[in-house]
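First comes the structure, then the notes that go with it.
So that the names make sense, note that chain A is the first sequence line, chain B the second, and so on, each numbered from 1.
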2 protein chains.
Amino acid sequence: MQLEELKSKFEQFLRQRGHKITRGRFEIIDKIANYGPHFEIEELVRWIANQDRSAASRSTVYRTVRLLQEFGAIREVIKLGNRTIYEFVAGKPHHEHLICVECGKIIEFYKQEIEELQDRVCEEHRFSPINHRLEIFGVCSDCKEKKHESRGMEVRT
Amino acid sequence: MQLEELKSKFEQFLRQRGHKITRGRFEIIDKIANYGPHFEIEELVRWIANQDRSAASRSTVYRTVRLLQEFGAIREVIKLGNRTIYEFVAGKPHHEHLICVECGKIIEFYKQEIEELQDRVCEEHRFSPINHRLEIFGVCSDCKEKKHESRGMEVRT
DNA sequence: GTCTAACTGAATATCATTTGCAATAGGAGG
DNA sequence: CCTCCTATTGCAAATGATATTCAGTTAGAC
Ligand SMILES: [Mn+2]
Ligand SMILES: [Mn+2]
Ligand SMILES: [Zn+2]
Ligand SMILES: [Zn+2]
């Protein structure tokens with residue numbers, strides 16, 4: 001598994017910056033790696049708090065999330081209202097997201113052509129892109145079906 | 001000027017929803033229309049507070065911004081950190097943004113092909129898009145030049 | 001082991017935004 | 001105009017996400 005490799009890279013990263021190797025930090029990496037691709041900080045905090053021998057306080061979770069962002073293992077991918085959804089990157093290739101506003105489902109996609117067109121736009125503006133985020137909000141197929149099923153109960157259409 | 005038209009549309013909108021036509025609300029629309037295409041709420045609040053006869057409190061600004069969003073005159077276009085940048089829509093066609101992380105400059109662009117590709121992706125996933133946001137963060141040409149000029153002072157490269 | 005700087009948790013602060021509430025002002029009907 | 005009722009306002013207090021302070025605890029260099 002490449003999680004071990006990631007951890008050892010993170011260890012290097014920490015050493016280079018004069019940080020210490022602590023249990024909490026590595027528990028958090030573990031949790032994130034096992035959580036599914038997307039997560040919010042509050043989920044992590046609650047999950048960790050529920051552990052028997054809790055590994056880290058809310059403060060430490062926030063601090064570690066920041067470190068992991070700088071390290072490059074996680075990334076902010078969706079900003080919706082006051083919520084921030086992160087993603088565990090871990091060598092996963094770059095991609096964008098469809099977000100269902102009904103059920104919250106997140107669908108990942110990648111379109112080479114979109115990426116290329118973005119580069120072209122940047123060139124046209126002599127702009128050097130560092131990163132980007134494309135969020136498409138809408139209704140997923142499941143939720144559309146649900147609405148369809150309950151059609152008979154609607155008050156007029 | 002179409003601002004007057006917009007205001008009268010807003011008036012209709014308010015009436016339809018049983019709201020009242022108040023001075024504050026229309027002062028705020030004015031400020032937004034005269035502010036430049038993008039703004040943050042705090043800017044509005046400060047600007048309005050600096051007026052001699054202040055037109056609206058912070059609460060009213062927030063409440064009115066919400067109304068104007070529902071009305072469709074403004075839109076959240078950039079989410080960066082804890083900042084939200086709005087834009088005065090006013091019949092302007094849809095577009096996306098390049099954001100300079102050095103100086104904060106915002107460049108607008110529109111690529112038909114990107115929009116079409118997004119639609120295609122949505123179809124592939126039987127996803128009904130409602131709206132989307134493409135933010136490209138990077139360094140603008142001016143800021144690149146500035147860096148270039150000061151090259152001699154850099155500590156190694 | 002010793003020592004010190006980095007780390008931790010808990011409480012507190014901050015920042016953007018929302019809400020409760022009492023006072024005020026639209027505007028419909030007279 | 002006047003009256004009345006309800007929406008609106010401003011302010012203070014509440015939220016919710018995240019950051020910071022600080023005193024006590026550890027990692028890990030020597
Ligand atoms: Mn993803
Ligand atoms: Mn714009
Ligand atoms: Zn859905
Ligand atoms: Zn710039």
Side-chain angles (χ1 to χ4, degrees), chain A residues 7-8 10-29 31-32 38-71 74-86, chain B residues 7-8 10-29 31 38-51 53-71 74-86:
Chain A
K7 283 192 197 167
S8 107
F10 186 47
E11 210 174 305
Q12 283 177 236
F13 169 85
L14 290 175
R15 275 193 231 288
Q16 279 179 337
R17 309 200 0 172
H19 290 136
K20 289 179 178 170
I21 312 303
T22 66
R23 170 157 152 270
R25 288 177 174 159
F26 286 79
E27 294 260 11
I28 291 172
I29 262 220
K31 299 308 178 210
I32 289 177
H38 307 112
F39 65 93
E40 289 177 64
I41 293 186
E42 202 54 33
E43 293 174 337
L44 270 188
V45 169
R46 280 200 309 271
W47 200 35
I48 288 172
N50 284 345
Q51 303 288 115
D52 276 340
R53 196 153 159 12
S54 93
S57 66
R58 175 188 311 281
S59 303
T60 297
V61 172
Y62 272 98
R63 289 191 270 236
T64 304
V65 159
R66 184 176 258 201
L67 276 177
L68 287 171
Q69 269 187 97
E70 290 165 10
F71 172 54
I74 67 181
R75 200 163 43 167
E76 285 184 0
V77 284
I78 298 167
K79 292 281 218 172
L80 183 47
N82 59 359
R83 294 168 54 198
T84 299
I85 297 174
Y86 292 83
Chain B
K7 283 192 198 169
S8 108
F10 186 46
E11 209 174 303
Q12 284 177 236
F13 169 84
L14 290 175
R15 275 193 231 287
Q16 279 180 338
R17 308 195 7 170
H19 290 136
K20 289 178 179 169
I21 313 303
T22 66
R23 170 157 152 269
R25 288 177 175 157
F26 285 79
E27 293 260 12
I28 291 172
I29 262 218
K31 298 309 179 209
H38 308 109
F39 65 93
E40 290 178 64
I41 292 187
E42 203 54 33
E43 292 173 338
L44 270 188
V45 169
R46 278 200 310 271
W47 201 34
I48 288 172
N50 284 345
Q51 301 291 110
R53 196 152 157 13
S54 93
S57 67
R58 175 187 313 281
S59 303
T60 298
V61 172
Y62 273 98
R63 288 190 270 235
T64 304
V65 159
R66 185 177 259 196
L67 276 178
L68 287 172
Q69 269 187 98
E70 290 165 11
F71 171 53
I74 67 180
R75 199 164 44 171
E76 285 184 0
V77 285
I78 298 168
K79 293 280 218 172
L80 182 47
N82 59 357
R83 295 169 53 197
T84 299
I85 297 174
Y86 292 84

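In terms of the side chain to side chain donor-acceptor pair (under 3.5 Å) criterion, residue partners of A:Lys7 (sequence neighbours excluded) are, by chain and number, A:Asp30. The salt bridge (charged side-chain N to carboxylate O under 4.0 Å, His left out) search around A:Glu43 returns none, not counting sequence neighbours. With sequence neighbours excluded, no residue forms a side chain to side chain donor-acceptor pair (under 3.5 Å) with A:Arg46. Annotation: side chain to side chain donor-acceptor pair (under 3.5 Å) contacts of A:Glu76 (sequence neighbours excluded): none. Among residues two or more places apart in sequence or in another chain, the side-chain contact (heavy atoms from CB on, under 4.5 Å) test is passed with B:Phe71 by B:Leu6, B:Lys9, B:Phe10, B:Phe13, B:Leu68, B:Ala73. Residues satisfying the side chain to side chain donor-acceptor pair (under 3.5 Å) criterion with A:Glu70, sequence neighbours excluded, are A:Arg17.
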I'd like a table of atom pairs between the protein and nucleotides 1-4 of chain D - only N or O on both sides, under 3.5 Å - with the distance next to each one.
none

Extract from the structure each pairing of a protein N or O with an N or O of nucleotides 6-9 of chain D at less than 3.5 Å, listing the distance.
unit_1, atom_1, unit_2, atom_2, d
D:dT6, O2, B:Lys20, NZ, 2.7
D:dA7, O4', B:Lys20, NZ, 3.4
D:dT8, OP1, B:Lys20, N, 3.0
D:dT8, OP1, B:Arg25, NH1, 2.5
D:dT8, OP1, B:Arg25, NH2, 2.8
D:dT9, OP1, B:Thr22, OG1, 2.8

Within the sub-3.5 Å range, which N or O atoms of nucleotides 28-30 of chain C have a protein N or O partner, and how far apart are they?
none

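The distance between atom CD of B:Gln51 and atom P of D:dG10, rounded to the nearest whole Å, is 14 Å. The nearest whole Å value for the distance from the CZ atom in A:Arg83 to the C1' atom in C:dA16 is 17 Å. Going from atom CZ of A:Arg58 over to atom P of D:dT20 covers 16 Å, rounded to whole Å. Whole-Å rounding puts the A:Asn82 CG to C:dT19 P distance at 11 Å. The distance between atom CZ of A:Arg17 and atom P of C:dA6, rounded to the nearest whole Å, is 13 Å. Rounded to an integer number of Å, the gap from CD of A:Gln69 to P of D:dA17 is 17 Å. We find that CD of B:Glu40 is positioned 14 Å from P of C:dC15, with the value rounded to whole Å. In this structure, B:Lys79 places its NZ atom 11 Å from P of D:dT18, rounding to the nearest Å.
At least one side-chain heavy atom of A:Phe39 sits less than 4.5 Å from a side-chain heavy atom of A:Ile74. Side-chain contact check for B:Ile78 versus B:Thr84: every heavy-atom pair is 4.5 Å or farther apart. Looking only at side-chain heavy atoms (C-beta outward), B:Arg83 and B:Glu40 come within less than 4.5 Å of each other.
Distance alone, capped at 3.5 Å, is enough to place a donor-acceptor pair between the B:Arg25 side chain and the B:Lys20 backbone.
In this structure, A:Tyr62 reaches the D:dT18 phosphate: one of its side-chain N or O atoms is under 4.0 Å from OP1 or OP2. Remark: B:Ser59 is not in phosphate contact with C:dT18, judged by side-chain N or O atoms under 4.0 Å from OP1 or OP2.
We find that A:Arg58 and A:Glu42 are joined by a salt bridge, their nearest charged nitrogen and carboxylate oxygen being less than 4.0 Å apart.
With the end axes of the helix from C:dG1-D:dC30 to C:dG30-D:dC1 each set by five pairs, the angle from one to the other reads 30° at 10° resolution.
Each salt bridge (Lys or Arg N to Asp or Glu O under 4.0 Å) pair with one or both residues in residues 59-69 of chain B, not counting sequence neighbours, would appear here, but there are none.
Atom CD1 of A:Ile85 is separated from atom NZ of A:Lys79 by 10.5 Å, given to the nearest 0.5 angstrom. A distance of 5.0 Å separates CD1 in A:Ile32 from CG in A:Leu44, rounded to the nearest 0.5 Å.
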